[in-house]
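To keep things clear, I will list the structure first and then write my remarks on it.
Remember, it's 1-based here, ligands and their atoms both numbered in the order they're listed.
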Amino acid sequence: MSQIKQMSVQQLHDLLDAGPVNVLDIRDEASYDAGHVPNAVPLSRTPVEQCMEKFDKDQTLVVCCYHGISSIEAAMFFSQQGFADVHSLMGGYEAWHRSYSEDDGME
Ligand SMILES: O=S(=O)([O-])[S-]
């Protein structure tokens with residue numbers, strides 16, 4: 001299994017403060033609507049082919065799930081598709097929400 005980089009919610013928060021970051025949220029639609037990392041793109045509404053076109057493969061891509069487990073596999077997929085800098089969000093949205101609920105994006 002190739003190594004997928006893990007990003008902490010603090011690192012992601014700092015990155016988002018510094019500028020735009022591609023974040024892909026692979027949770028279900030209702031969970032996304034209830035709260036998500038700011039500007040995260042919902043996979044539930046963005047077919048994979050569209051993600052491939054939307055995201056620049058040379059830019060950092062952070063994959064977010066519920067608890068940071070399935071995002072590892074999804075990150076591996078994007079890495080295999082040629083994305084240069086893919087990370088899995090450690091602890092997933094749950095960890096993000098625990099630390100930064102005031103920064104949640106809502107639909
Ligand atoms: O989304 S999860 O696999 O971390 S429960």
Side-chain angles (χ1 to χ4, degrees):
M1 192 154 131
S2 69
Q3 286 301 308
I4 283 298
K5 291 177 268 189
Q6 303 267 339
M7 184 177 286
S8 69
V9 294
Q10 288 81 7
Q11 284 171 307
L12 178 57
H13 193 262
D14 288 351
L15 268 187
L16 286 165
D17 273 350
V21 184
N22 292 320
V23 180
L24 179 66
D25 190 322
I26 64 170
R27 298 174 303 148
D28 67 89
E29 209 164 0
S31 302
Y32 177 88
D33 287 348
H36 51 262
V37 173
N39 299 321
V41 171
L43 182 63
S44 57
R45 297 195 193 111
T46 319
V48 169
E49 309 75 55
Q50 219 172 299
C51 292
M52 297 294 168
E53 286 166 19
K54 191 176 180 65
F55 299 130
D56 183 339
K57 289 187 174 176
D58 294 328
Q59 285 176 0
T60 299
L61 174 66
V62 183
V63 183
C64 172
C65 66
Y66 298 91
H67 300 112
I69 297 165
S70 26
S71 53
I72 297 174
E73 208 169 315
M76 204 170 298
F77 169 79
F78 281 95
S79 173
Q80 284 160 357
Q81 300 305 308
F83 282 77
D85 187 36
V86 191
H87 301 250
S88 164
L89 183 64
M90 251 190 288
Y93 175 75
E94 286 300 323
W96 171 272
H97 185 69
R98 266 199 306 277
S99 299
Y100 302 114
S101 54
E102 75 283 2
D103 285 345
D104 275 2
M106 305 282 265
E107 285 306 289

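- Residue, atom and distance of the protein heavy atom nearest to atom 3 (O) of ligand 1 are Ser70 OG, 2.7 Å.
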(request) Please lay out, stage by stage, how Lys54 and Val41 fare under the test side chain to side chain contact (heavy atoms under 4.5 Å, CB included). (result) CA-CA 10 Å; Lys54 191 176 180 65; Val41 171; 3.6 Å; yes
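- With hydrogens left out, the protein atom closest to atom 5 (S) of ligand 1 is His67 ND1, 3.2 Å, a heavy atom.
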(request) Quick one: do Trp96 and His13 satisfy ring-ring contact (aromatic ring centres under 6.0 Å, His included)? Show the steps, please. (result) CA-CA 9 Å; Trp96 171 272; His13 193 262; 5.7 Å; yes
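- No donor-acceptor distance shorter than 3.5 angstrom exists from the side chain of Ser79 to the backbone of Ala75, with no hydrogens or angles considered.
- Considering backbone and side-chain atoms together, Cys65 places no N or O closer than 3.5 Å to any N or O of ligand 1.
- Within the 4.0 Å heavy-atom shell around ligand 1 one does not find Gly92.
- Within ligand 1, counting atoms from 1 as listed, the ones closer than 4.0 Å to a heavy atom of Gly68 are 4 (O).
- The shortest side-chain heavy-atom distance between Val9 and Ser99 falls under the 4.5 Å cut-off.
- Using a 4.0 Å cut-off between a side-chain N of Lys or Arg and a carboxylate O of Asp or Glu, Arg45 and Asp33 qualify as a salt bridge.
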